[in-house]
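Worth saying up front: this structure is predicted, and the values here are computed from it rather than measured. Atoms within a ligand are numbered from 1 in the order they appear, just like the ligands themselves. Along the sequence shown, residues carry numbers from 1.
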Amino acid sequence: MRILIVEDDHVLGGALVAHLAHQGHAADWVQRLDDAQEALATTRYDLILLDLGLPDGRGIDFLAALRAQGDATPVIIATAQDQVQIRIEGLNTGADDYIVKPFDLEELSARLSAVSRRYAASGDTSIQFGAVCLDLDRRQASLNDKPVILTAREWAVLDALVRNRGAVVSKASLEDKLYAFGSEIESNAVEVFVSRLRKKLGRELIQTQRGLGYVLGGQG
Ligand code: CA
């Protein structure tokens with residue numbers, strides 16, 4: 001695999017390059033987000049290993065920008081032991097996996113293989129609902145072939161509905177998905193996100209079952 005390492009720790013960065021090369025991967029190592037941006041502009045990577053605290057910004061923001069541009073390159077984030085909240089934020093932002101520092105290089109190898117296997121096996125993960133096309137793994141949505149940008153919370157709601165398509169999903173279980181983001185949610189949060197999704201992807205996509213919850217509609 002061609003791997004981009006974004007890591008400002010010199011010792012760790014050097015060890016990663018050596019280890020990955022030893023495992024037969026081609027690894028490029030940058031220490032800043034602007035250099036990562038530049039590398040991605042010219043090279044197609046199979047995976048990005050992303051540290052979250054870089055000298056010129058937050059890895060999470062970099063990841064969010066990447067996903068917003070529709071870039072689906074698999075990303076593994078590296079977080080510190082006590083950063084549970086950031087880890088959740090990273091996964092919700094579109095990271096494929098995380099690894100906790102200080103990590104064992106063998107563990108990293110295992111996670112790399114797992115992520116690449118998942119991509120190889122998943123192949124085409126897109127689902128069509130009428131004029132709406134959703135790719136759950138890559139977190140890409142389109143309406144009439146035009147890309148639609150959804151926030152992480154909108155994806156959380158939509159993801160639950162798609163994975164339970166054909167069934168009514170209760171408001172409470174959708175609230176649980178939103179609670180995963182860690183902040184307090186308003187009592188009407190589910191209605192708000194459903195309404196935003198309808199605005200972006202069409203009214204027919206999500207049907208309200210009064211008193212029961214929501215069900216994914218459309219000509220799935
Ligand atoms: Ca760092």
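- Side-chain contact check for Leu108 versus Leu49: some heavy-atom pair is nearer than 4.5 Å.
- Between atom CG of residue Leu158 and atom CD1 of residue Ile206 there is a gap of 6.0 Å, rounded to the nearest 0.5 Å.
- Salt-bridge check for Arg67 with Asp135: failed, with every basic side-chain N at 4.0 Å or more from each acidic carboxylate O.
- Considering all non-hydrogen atoms of both residues, Phe62 and Ala36 come closest at CZ-CB, 3.7 Å.
- Residue-and-atom listing of protein N/O/S atoms under 3.0 Å from the Ca ion (ligand 1), sorted by chain and number: Asp8 OD1, Asp51 OD2, Gly53 O.
- The two residues Gly59 and Leu50 come nearest to each other via the heavy atoms O-CD2, 3.4 Å.
- The shortest non-hydrogen separation linking Val132 to Leu201 is CG2-O, 3.2 Å.
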